[in-house]
Amino acid sequence: MPADFPSDSQDDSLVAKGRAGDNAAPLSISEISGLLKRTVEERFGYVRLRGELSGVKRAASGHMYCALKDEKAVIDGVMWRGNTQRLAFQPEDGLEVVASGKLTTYPGRSKYQIVIERMELAGEGALLALLEKTRARLAAEGLFDEERKRALPFLPRTIGVVTSPTGAVIRDILHRLADRFPSRVIVWPALVQGQGAADQVAGAVRGFSALPEGHPDRPDLVIVARGGGSIEDLWSFNEETVVRAIAECSIPTISAVGHETDTTLADYAADKRAPTPTAAAEIAVPVRQELAATLSDFGARQQRAILRPVQLGRERLEARVQRMPKLEVLLQPQAQRLDDAATRLANGLRDRAARARDRLQSDRARLNAPLLKIRVEQAQQRLTAVSRLMVSLDPDNVVKRGYVRVIGPEGKTVTTHAAAAKEAALTLKFRDGDLAVTTGKAPQAPTAPKPRAKRPAKGTPPAQDDLFG
């Protein structure tokens with residue numbers, strides 16, 4: 001055993017004592033930790049480590065803690081809040097990165113660690129792996145589903161563009177819009193590459209979406225545009241904050257990032273992907289000349305549609321007119337019947353006149369003066385006989401011979417005692433006048449006015465009051 005380490009048999013004391021030739025006092029844990037810390041920091045002042053991230057977590061203070069590992073070893077790492085805010089990507093477990101910083105120790109746990117000042121992905125393969133991992137996670141949330149995507153407005157009045165105001169992209173979009181259909185364009189300036197670009201793009205999209213309905217500056221369509229570049233240049237449009245802002249936008253969106261072969265996660269989240277910013281302008285609006293031609297064609301088709309029934313009706317009418325018989329043909333049977341009737345009428349009138357003439361000649365031959373004279377004499381004899389009969393039967397002639405005629409209220413001759421007793425008043429007709437008398441019976445409602453009694457002639461004896469009294 002070396003002389004510097006005496007055996008237990010030589011040192012059996014319970015209290016630590018100095019040894020011969022030893023002039024160094026024992027070091028405390030803090031002292032040795034400090035010596036180790038200075039040694040490590042002086043020896044490894046700045047290093048770049050390549051490894052796979054593991055156990056990534058962020059503290060409430062904003063600091064990030066992680067571990068870098070490879071197949072055989074692991075080293076802890078810490079990144080302070082100021083540096084984490086400048087990261088161009090979101091660190092996740094499993095990513096292969098290159099971390100730059102200085103090695104130091106953490107005496108509280110007797111560990112050494114790297115204080116990371118800068119972190120980058122370890123090559124394009126790692127970047128693509130992070131991209132695919134982020135895409136799968138967001139797709140699982142439904143951000144890329146086709147069902148949630150909306151149709152673009154046919155003719156937006158106002159178009160919002162999120163891009164750099166100084167690049168060639170906005171000029172290409174404005175030029176293409178002016179050629180197709182001049183529209184109102186509102187540009188929301190934003191960085192499209194580098195530190196803070198993702199936050200500015202996401203803020204611009206959310207700013208357009210937050211404008212209330214009816215606001216004069218609220219666009220009908222939002223275009224997120226950027227020119228071509230490498231995957232690192234376009235990485236801002238793969239950031240989760242940009243993808244979520246586009247997916248949550250209340251306005252239909254078009255993603256026009258990079259060239260036709262470039263694809264970002266913003267393309268999956270947008271309602272429509274355009275291969276280039278110029279193509280986005282072509283998708284956004286139709287061609288005004290084509291619209292005018294379409295409207296003109298619709299007008300011509302409408303006019304033809306309106307006139308076609310009229311033309312068909314005219315053709316059908318002409319065809320039916322041609323098939324209809326002529327007016328002369330329709331009237332020929334009636335005209336013939338009229339002519340036949342006129343002929344028959346004329347013949348009939350002539351026949352009747354001839355027959356009447358013949359009868360007249362025949363009657364004229366039978367009518368002669370002696371016959372007429374005999375018939376007149378016979379008629380006069382009959383009339384004389386009737387006159388004598390009337391005179392003999394006239395009751396007034398009987399009255400002239402001294403008889404009296406009894407007349408009832410209705411002007412009829414009363415011939416029996418019973419009939420006279422039924423009447424309340426009677427009229428006696430004498431040769432020289434009438435006399436009104438009563439029978440003593442109660443008068444009944446007269447059915448006709450009583451004739452006024454005539455004043456008796458001078459020298460006539462007064463009338464009796466009651467014929468049967």
Side-chain angles (χ1 to χ4, degrees), residues 30 33-34 36-70 73-123 126-127 129-131 133-135 137-138 141 189-207 231-248 264-266:
S30 298
S33 296
L36 289 172
K37 181 178 180 66
R38 286 193 296 272
T39 300
V40 172
E41 290 179 352
E42 289 174 0
R43 174 65 182 84
F44 303 100
Y46 184 82
V47 295
R48 298 182 72 227
L49 303 180
R50 179 170 181 164
E52 180 182 334
L53 285 175
S54 176
V56 178
K57 61 180 180 179
R58 288 182 179 269
S61 60
H63 308 320
M64 184 186 74
Y65 298 92
C66 62
L68 294 172
K69 66 179 181 179
D70 58 12
V74 179
I75 184 172
D76 290 338
V78 59
M79 193 172 194
W80 308 125
R81 181 176 60 184
N83 293 326
T84 59
Q85 293 176 349
R86 293 192 294 269
L87 281 175
F89 65 97
Q90 184 70 27
E92 296 180 0
D93 290 353
L95 290 180
E96 188 175 5
V97 297
V98 175
S100 302
K102 60 181 180 180
L103 288 182
T104 184
T105 63
Y106 181 52
R109 293 186 181 177
S110 298
K111 288 185 177 182
Y112 66 93
Q113 63 185 11
I114 178 173
V115 178
I116 303 172
E117 297 178 356
R118 182 180 179 184
M119 183 182 293
E120 301 169 321
L121 293 172
L127 194 62
L130 175 61
L131 177 63
K133 189 174 182 179
T134 305
R135 189 199 67 78
R137 177 166 53 83
L138 296 180
E141 297 181 18
L191 290 175
V192 293
Q193 180 179 346
Q195 185 69 30
D199 293 335
Q200 290 193 20
V201 172
V205 174
R206 290 192 173 97
I231 187 172
E232 294 87 351
D233 297 336
L234 305 179
W235 188 255
S236 299
F237 298 91
N238 292 318
E239 292 288 346
E240 183 175 347
T241 180
V242 173
V243 176
R244 292 189 180 277
I246 293 176
E248 296 168 359
T264 63
L265 298 183

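Because the structure is a prediction, the values reported are computed rather than measured.
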Looking at [atom1] of [X] and [atom2] of [Y], how far apart are the two atoms once the value is rounded to the nearest 0.5 Å?
X      : Y      : atom1 : atom2 : result
Gln193 : Leu234 : CD    : CG    : 8.0 Å
Lys111 : Thr105 : NZ    : OG1   : 13.0 Å
Trp235 : Leu265 : CH2   : CG    : 7.0 Å

Task: Asn83: partners by side chain to side chain donor-acceptor pair (under 3.5 Å), with sequence neighbours left out - done: Arg86
TODO: Not counting sequence neighbours, which residues clear side chain to side chain donor-acceptor pair (under 3.5 Å) with Thr104? List them please.
DONE: Lys37, Glu41
Partners passing side chain to side chain contact (heavy atoms under 4.5 Å, CB included) against [X] (at least two apart in sequence or in another chain):
X      : result
Lys133 : Glu92
Val47  : Phe44, Leu49, Leu103, Ile114
Thr241 : Ala198, Asp199, Ala202, Arg206, Glu239
Arg81  : His63, Thr84, Gln85

Looking at every non-hydrogen atom in both residues, tell me the closest pair between [X] and [Y] and how far apart they are.
X      : Y      : value
Val201 : Phe237 : CG1-CE2, 4.1 Å
Ala190 : Gln200 : CA-OE1, 3.5 Å
Val74  : Ala67  : CG1-CB, 4.0 Å
Val56  : Met64  : CG1-SD, 4.0 Å
Ile246 : Ala266 : CD1-CB, 3.6 Å
Ser54  : Asp93  : C-OD1, 3.6 Å

Task: salt bridge (charged side-chain N to carboxylate O under 4.0 Å, His left out) pairs, two or more places apart, involving residues 50-62 - done: Arg50-Glu96
Open item on the list: When you compare the side chain of Asn238 with that of Thr134, does any pair of heavy atoms fall below 4.5 Å?
Closed with: no
Open item on the list: Go through it in stages, so that I can follow the logic: the residues are Leu53 and Leu68, the test is side chain to side chain contact (heavy atoms under 4.5 Å, CB included), and I'd like the CA-CA distance, side-chain angles, deciding distance and then a yes or no.
Closed with: CA-CA 5 Å; Leu53 285 175; Leu68 294 172; 3.6 Å; yes
So, using salt bridge (charged side-chain N to carboxylate O under 4.0 Å, His left out) as the criterion, who are the partners of [X] when residues are at least two apart?
X      : answer
Glu248 : none
Arg244 : Glu141, Glu240
Arg48  : Glu120
Lys102 : none

TODO: Kindly determine whether Leu191 and Ser236 satisfy side chain to side chain contact (heavy atoms under 4.5 Å, CB included), including the steps that lead there.
DONE: CA-CA 9 Å; Leu191 290 175; Ser236 299; over 6 Å; no
